[in-house]
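Side chains included, hydrogens not; waters and symmetry mates left out as well; all remaining heavy atoms used. Atoms within each ligand, like the ligands themselves, are counted from 1 in listed order.
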Amino acid sequence: MIMDRRDIEKLTSIVGRGNILTDKEERICYAYDATNQLHLPGAVLFPASATEISRIMTLANRQGFPVTPRGAGSGFTGGSLPVEGGVVVSLERMNRILEIDEENLLAVVEPGVVNGDLQMAVERLGLFYPPDPSSMKFCTIGGNIAECAGGPRAVKYGVTRDYVLGLEVVLPDGGIVDTGVATIKGVVGYDLTRLFVGSEGTLGIVTRATLKLLPLPEAFNTMMVTFKDVVDGAKAVSAIIRSGVVPTAVEIIDGVSIGCVKDGAATGIPDGVDAILLIELDGDRGSIDRDAASVKDLCLENNGLDIKIASSKKEVKALWRLRRALSPSLARIKPNKLNEDVVVPRSKIPDLLSGVRDVSEDKGLMIPCFGHAGDGNIHVNVMYDARDKGETERAWEAVKAVFELVVRLGGTISGEHGVGTAKAPYISMELKPPVINVMKDIKDLFDPKGILNPGKIFQCHRGGSDEGP
Ligand SMILES: Cc1cc2nc3c(=O)[nH]c(=O)nc-3n(C[C@H](O)[C@H](O)[C@H](O)COP(=O)(O)OP(=O)(O)OC[C@H]3O[C@@H](n4cnc5c(N)ncnc54)[C@H](O)[C@@H]3O)c2cc1C
């Protein structure tokens, strides 16, 4: 249902005149995310509390207009886009760190807190919040929870779900619930916290989160290893994991991606390098030195060319800057990309990378790969020019071929970006119909009118088929 003038007046009275956008030029700023789609919301709201969000949802539920929650809009799958119109609820005003409990190693935060701001705040107290998506300078904790975001440190520390102990959530009917605990253990009833984590803003709007913290590790060691062949780099990753060393992060960057950053900045990477591993270890000094020696040996055994160990904080930052510059620098190849965050068992990374090379040759498209090799999560970027119809078709064929390869290798089509609209046509390649039906039943239970973030995860909400392409 389309909102009318009276709905807008009621919404204005809920959030206040200065906290609603209705002009087209302003709404357009909230029509995008990191995909190239554009969906204009009817209005953008900036509530300041769970109570205001509850009143918005109550009105939306009564009038039947869609509501789409939004953090920083950095998602790669269209999750924050109002594909069926209605209002966008931006959580950016709810950005307070409410508490850092140093005794119990907990933080209580509002959803609009930027991940990197939380990291810095806890590190100042000698504490550590491990989930570190490469977008941490701008993405929000609410968006991280909704997507179950990961990052380079997931190899050792896991992903967002491993740090969320409890949530306050506004449900589609306007009810406000508290889930979970503020303790390390807790098994009373179903684990609703885990259900909300990764639910892509389709079951409720997170308005507060209780997060687990860790003590900040004593020391870090960051090294960069170059390889002449990307498959050798991938084999080195498998060898490191097999050896029993648990690195904090193992990031892989293939030759095509290296070319992009080399074009844009002086990196000091010589020609002929087809893969880089960025490896980080943390812990106490003694164990790090021992693990670093093993990692170096394993890289050399797998034809590593050159090993550079960062000797200062500045050098560590420079190495990570190279990794974080990758995603934006791909635009040098082609204006458009289909960025897939597939995961395979770590022993299968060499098969994935050589399989993607075959797809790249077959479709005549460049497909740079990089990402969190330590947990088997590789970002496969199919580059194309959307103005070229033939190339666009081949790009989508390439995506399908990559997903088929991933499922064949025993992997999953999304490790951290979620389904949104981008992967909705493909979920049946991985999930069997009975499982999809259970998921749809859960959505119906929470949101029988289908007003919260409609059009996401499932291609067809009810009564139809989610058969893939
Ligand atoms: C350069 C770049 C690098 C990236 N690197 C990584 C990476 O390493 N790892 C990774 O996991 N992701 C990465 N991402 C993807 C993205 O940053 C993450 O998915 C992030 O968690 C999204 O946060 P956001 O605040 O931008 O959320 P948005 O994009 O605004 O929203 C994402 C989803 O969350 C929902 N949502 C937002 N807030 C709430 C809330 N309070 N309650 C309920 N639902 C909500 C939205 O409806 C939407 O479905 C990267 C993105 C970019 C652009």
Discussion item. Quick check on Arg161: does its CZ atom have over 12 non-hydrogen neighbours (other residues, nucleotides or ligands) under 6.0 Å away?
Written reply: no
Worksheet item: Taking atom OH of Tyr32 as the centre, does the number of heavy atoms from other residues, nucleotides or ligands within less than 6.0 Å exceed 12?
Response: no
Discussion item. Using a 4.0 Å heavy-atom cut-off, which part of Ser135 comes near ligand 1: side chain, backbone, both, or neither?
Written reply: both
For [atom], what is the closest protein heavy atom, and at what distance to 0.1 Å?
atom                    : answer
atom 47 (O) of ligand 1 : Pro69 O, 2.6 Å
atom 24 (P) of ligand 1 : Ala72 N, 3.5 Å
atom 19 (O) of ligand 1 : Glu147 CG, 3.6 Å
atom 25 (O) of ligand 1 : Thr140 OG1, 2.6 Å
atom 28 (P) of ligand 1 : Gly73 N, 3.5 Å
atom 40 (C) of ligand 1 : Val206 N, 3.8 Å
atom 20 (C) of ligand 1 : Asn144 ND2, 3.6 Å
atom 31 (O) of ligand 1 : Ser80 CB, 3.8 Å

Can you sort out which atoms of ligand 1 are near [X], meaning under 4.0 Å from one of its heavy atoms?
X      : result
Ala146 : 34 (O), 35 (C), 36 (N), 44 (N), 45 (C)
Glu416 : 7 (C), 8 (O), 9 (N), 10 (C), 11 (O)
Glu200 : 49 (O)
Ala149 : 11 (O), 21 (O)
His372 : 8 (O)
Gly71  : 25 (O), 28 (P), 30 (O), 37 (C), 38 (N)

Worksheet entry | Selected option - heavy-atom contact closest to atom 10 (C) of ligand 1, from Gly143, Pro111, Gly150 | Gly150
Discussion item. If you take the nearest heavy atom of each of Gly151, Ser134, Ala154, Gly201, which one is closest to atom 5 (N) of ligand 1?
Written reply: Ser134
Discussion item. Per the side chain to side chain donor-acceptor pair (under 3.5 Å) rule, what does the pair list look like for residues 201-211, sequence neighbours excluded?
Written reply: Glu168-Thr207, Glu168-Arg208, Asp178-Arg208
Worksheet, complete the sentence: Applied to residues 337-353, the salt bridge (charged side-chain N to carboxylate O under 4.0 Å, His left out) test, sequence neighbours excluded, yields Glu340-Lys423, Asp341-Lys423
Discussion item. What verdict does the side chain to side chain donor-acceptor pair (under 3.5 Å) test give for Thr193 and Thr179, after you've listed the backbone C-alpha separation in whole Å, the side-chain angles of each residue and the deciding distance to 0.1 Å?
Written reply: CA-CA 6 Å; Thr193 309; Thr179 71; 2.9 Å; yes
Worksheet entry | Audit row: Asp254, Ser257, side chain to side chain donor-acceptor pair (under 3.5 Å) steps and yes/no | CA-CA 6 Å; Asp254 79 352; Ser257 314; 2.7 Å; yes
Item to complete: State if Gly204 counts as touching ligand 1 under the rule of any non-hydrogen atom under 4.0 Å.
Response: yes
Worksheet item: Any heavy atom of Asp33 sitting closer than 4.0 Å to ligand 1?
Response: no
Worksheet item: Is Asp444 salt-bridged to Lys449, cutoff N-O under 4.0 Å?
Response: no
Worksheet item: Are any side-chain N or O atoms of Thr12 and backbone N or O atoms of Ile8, one a donor and one an acceptor, separated by less than 3.5 Å?
Response: yes
